[in-house]
Amino acid sequence: MRLVTWNVNSLKARLERVTAWLEMARPDVVCLQETKMADAAFPHLAFESMGYESAHHGEGRWNGVAILSRVGLDDVHPGFEDDDAPDTDARLLWATCAGVRVASAYVPNGRALDDDHYRYKLEWLARLQRNLEQHYSPEQHLAVCGDFNIAPDDRDVWSTTALEGSTHVSQPERDALAALEAWGLVDVFRRHYDADGLYSWWDYRGGAFHQGRGMRIDLLMVTEVVAAATAAVLIDRNARKGKPTPSDHAPVIADITQGADDG
DNA sequence: ATGGTCGCGCAGCGA
């Protein structure tokens, strides 16, 4: 199974780039974030014509997450799998694809450490942790994929000094990610690469992409059975180049060699 | 040079 996560920064603005990339990369399961559209506007037919079933959870102007699959798309569930009040934002979508439970997650940005949105970010991550603890086992085939808006460690940012005191690198955020790892999720990219300077997001401003000023915040967080079966991981930074205007995020790809029907 | 770039949607906010 070829599994992808990609924050597309508006699927309406990006549809041509996304469909062209799907033709090239031929993934089996794709988790999209920041579709920025209502459910009624989601282009299910465009993806169906390419062989993908699709599910979307969106609200309109902001947020919005989707899962595309050509290996089955079952037990779709928008939002957290609990009985608490629904999330104010459309940031999470679950589905089962070829025996792997998949989540497409768009973790809140946080904006600033003293902002209410930062507290919302930490609460959101704690609720995701509870979702895993209540419904799943680390022995299962599980992949939580998305824009985590957290750089796991200092290798994952272009400058620690420039980012000191800002979101994405703060200890509480990194602790929340570490708690997911302690439960049993693996940042599978790091199974394959130790180097710094490998990013998935670059600001549109100031030529950040060409200056190498980025962060690795788009993650494939998978259980050990999935990580062990992952033969290769790649960030396709070519998708951040050229015209029409690319997303500010590049897609992250994992090739999972073993079938998921044996566990 | 107190800006810079996008998307949404038509002002100014969010990223």
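Atoms considered below: every heavy atom in the structure, side chains included; atoms not considered: hydrogens, waters and symmetry mates. A note on names: the letters A, B, ... follow the listed sequences, proteins ahead of strands, and every chain is numbered from 1.
- Ring centroids of A:Phe42 and A:Phe47 are separated by less than 6.0 Å, placing the two rings close together.
- Separating the NZ atom of A:Lys36 from the C1' atom of B:dA15 is a distance of 7 Å, rounded to the nearest angstrom.
- Atom CG of A:Asp147 is separated from atom C1' of B:dA15 by 10 Å (rounded to the nearest Å).
- One interatomic measurement links the two molecules: CG of A:Asp115 to P of B:dA15, which rounds to 9 Å at whole-angstrom precision.
- The side-chain tip of A:Arg216 does not point at the ring of A:Tyr199 from less than 6.0 angstrom away and within 45° of straight on.
- Put simply, the side chain of A:Pro251 does not reach to within 4.5 Å of the side chain of A:Ile235, judged on heavy atoms.
- Of the two residues contacting DNA chain B, namely A:Leu11 and A:Trp201, the nearest-nucleotide position lying further toward the 5' end is that of A:Leu11.
- With respect to A:Arg190 and A:Asp187, no salt bridge is recorded, no charged nitrogen being found less than 4.0 Å from a carboxylate O.
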Which atoms of nucleotides 1-5 of chain B (N or O only) lie under 3.5 Å from a protein N or O atom, and what are those distances?
residue: B:dT5; atom: O4'; partner: A:Tyr204; partner atom: O; Å: 3.4

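- A:His117 has its NE2 atom 10 Å from the C1' atom of B:dA15, to the nearest Å.
- Computed from coordinates, the A:Asp218 CG to B:dA15 P distance equals 15 Å when rounded to whole Å.
- The interatomic distance linking A:Tyr118 (OH) with B:dA15 (C1') rounds to 18 Å, in whole Å.
- When atom types are taken as modelled, the side chain of A:Asp203 and the backbone of A:Arg205 share a donor-acceptor pair closer than 3.5 angstrom.
- When only modelled atom types and interatomic distance are considered, A:His249 and A:Ser200 share no side-chain donor-acceptor pair under 3.5 Å.
- Residues A:Lys121 and A:Leu125 have side chains in contact (heavy-atom distance under 4.5 Å, counting atoms from C-beta outward).
- The phosphate of B:dC13 (OP1 or OP2) has no side-chain N or O of A:Arg111 nearer than 4.0 angstrom.
- Between A:Ser10 and B:dC8 there is a side-chain N or O to OP1 or OP2 distance below 4.0 Å.
- At whole-Å resolution of the value, CD in A:Gln33 and P in B:dG7 are 17 Å apart.
- Distance A:Asn9 CG to B:dG14 C1': 10 Å, rounded to the nearest Å.
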